[in-house]
Amino acid sequence: MKSERVIIGPKDRVFVLTGAGISAESGIPTFRGVGGVWNNYRIEEVANPAAWERDPELVWRFYSYRRRTAAPCEPNAGHRALAELEGLIGERFFLCTQNVDDLHERAGSRRLVHMHGELFRSRCERCEREPWGDRGEYDSMNAIPRCECGGRVRPHICWFGEVPFGMDRIAEELERCAVFGVIGTSGVVYPAAGFVHAVNARGRGKVRTFYVGPEEPENAGEFGQVFVGKAGEVVPVLFRSSE
Ligand code: NAD
Ligand code: ZN
């Protein structure tokens with residue numbers, strides 16, 4: 001641990017990026033490591049547009065399984081601490097999550113973007129209709145519902161090869177934050193893995209950066225502060241206001 005706290009000044013804008021690690025203590029497995037969902041399904045078989053074309057039933061079995069296992073999980077102290085920080089600094093706070101679960105919003109976060117989509121939303125594969133809330137489980141081919149336009153209903157998830165959601169807003173917030181933090185991500189999935197690089201490129205020392213997770217990330221050197229520990233233990237005592 002290079003330092004004890006992250007100091008937030010009265011005018012500082014704070015950008016936080018979260019990954020699967022922040023939901024691990026809520027019982028949602030991370031992708032990498034023992035017990036990860038990757039172990040039961042080959043992700044390249046289920047999380048890309050070609051898989052959807054080839055075998056939509058398999059794709060929906062995977063996301064139905066993930067809906068079923070995520071539904072009973074509750075937000076943990078890490079999610080709650082971020083919602084509390086937003087409560088304190090309001091629109092100066094911005095949360096970008098790679099997670100598709102809904103634990104951040106259930107903890108009270110409002111200013112957030114789900115860049116990889118949302119597990120409990122579906123959309124039409126064909127038309128421009130807005131995604132809608134959906135907790136359904138579609139485990140056989142006949143059960144996959146269709147939109148009024150005739151297209152099949154698909155998970156509202158950003159698959160490999162698709163463009164993440166909210167990138168314009170994310171770019172804007174990366175450009176104006178004074179504090180940038182990353183919590184619980186292995187840092188191998190782009191473009192999110194490159195955000196720390198983007199803020200550092202704004203000028204040495206211009207943005208204060210930190211990482212939280214049980215292991216030092218590959219790119220630990222890119223962060224001004226690294227807090228080694230679990231999100232649920234570190235994040236609730238992480239921030240201090242300099243006001
Ligand atoms: P990942 O599985 O690649 O890495 C998880 C990271 O979390 C690791 O670096 C690990 O050290 C860390 N971690 C484990 N326990 C932790 C804890 N208690 N506190 C803090 N950190 C902890 O996850 P990723 O980098 O987010 O992977 C990217 C992809 O995985 C994204 O596309 C995301 O959509 C997807 N994903 C989402 C969920 C979810 O919605 N909850 C779950 C699994 C994977
Ligand atoms: Zn449609």
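First listed ligand is number 1; within each ligand, the first listed atom is number 1.
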Chemist: Could you tell me whether the side chain of Leu174 reaches within less than 4.5 Å of the side chain of Phe15, counting heavy atoms only?
Modeler: yes
Chemist: So for ligand 1, is Gly19 a polar contact partner (N or O within less than 3.5 Å, distance only)?
Modeler: no
Chemist: Between Arg61 and Glu57, is the closest basic N to carboxylate O distance under 4.0 Å?
Modeler: yes
Chemist: Can you find a non-hydrogen atom of Arg66 under 4.0 Å from ligand 1?
Modeler: yes
Chemist: Under 4.0 Å, heavy-atom basis, I'd like to know which part of Lys230 is in contact with ligand 1: side chain, backbone, both or neither.
Modeler: both
Chemist: Considering the heavy atoms of Ala24, write down every atom of ligand 1 situated less than 4.0 Å from one of them.
Modeler: 15 (N)
Chemist: So, His114 and Gln98: side-chain donor and acceptor under 3.5 Å apart, yes or no?
Modeler: no
Chemist: Determine, for Glu162 against Arg154, whether the closest basic-nitrogen to carboxylate-oxygen distance falls under 4.0 angstrom.
Modeler: yes
Chemist: Is the ring pair Trp159/Tyr63 parallel, tilted or perpendicular, if the boundaries are 30 and 60 degrees?
Modeler: tilted
Chemist: Ion pair present between Arg68 and Glu137, side-chain N to carboxylate O less than 4.0 angstrom?
Modeler: yes
Chemist: Any cation-pi pair here, Arg135 with Phe120, using under 6.0 Å and within 45°?
Modeler: yes
Chemist: Is there a polar contact between ligand 1 and Val189, counting only N or O atoms under 3.5 Å apart?
Modeler: no
Chemist: For atom 31 (C) of ligand 1, tell me which residue out of His116, Glu215, His114 has the closest non-hydrogen atom.
Modeler: His116
Chemist: Could you name the option among Gly117, Cys158, Ser186, Gly229 that has the heavy atom nearest to atom 9 (O) of ligand 1?
Modeler: Ser186
Chemist: For Gly78 and ligand 1, answer yes if some heavy atom of the residue is under 4.0 Å from a ligand atom, otherwise no.
Modeler: no
Chemist: Tell me which part of Thr185 gets within contact of ligand 1: side chain, backbone, both or neither, using heavy atoms under 4.0 Å.
Modeler: both
Chemist: Given that the side chain starts at C-beta and the backbone is N, CA, C, O, which of these parts of Pro29 lies under 4.0 Å from ligand 1, counting heavy atoms, or is it both or neither?
Modeler: backbone
Chemist: Measure from NZ or CZ of Arg129 to the centre of the six-membered ring of Trp132 and say whether it is under 6.0 Å with the direction within 45° of the ring axis.
Modeler: yes
Chemist: Do any nitrogen or oxygen atoms of Asp101 come within less than 3.5 Å of a nitrogen or oxygen of ligand 1?
Modeler: yes
Chemist: Taking the six-membered ring of Trp60, is the NZ or CZ of Arg152 close enough (under 6.0 Å from the centre) and on axis enough (within 45°)?
Modeler: no
Chemist: So if I count the atoms of ligand 1 from 1 in the order they appear, which ones are less than 4.0 Å from some heavy atom of Ile28?
Modeler: 41 (N)
Chemist: Would you compute the distance between atom CG of Asp101 and atom CG of Leu119 and round it to the nearest 0.5 angstrom?
Modeler: 7.5 Å
Chemist: Rounded to the nearest 10°, what angle sits at the Zn ion (ligand 2) between SG of Cys127 and SG of Cys147?
Modeler: 110°
Chemist: Any idea which atoms of ligand 1 are less than 4.0 Å away from a heavy-atom of Val100?
Modeler: 39 (C), 40 (O)
Chemist: By number and element, which atoms of ligand 1 are closer than 4.0 Å to a non-hydrogen atom of Glu25?
Modeler: 17 (C), 18 (N), 19 (N)
Chemist: Indicate yes or no: does an N/O atom of Ala231 lie under 3.5 Å from an N/O atom of ligand 1?
Modeler: yes
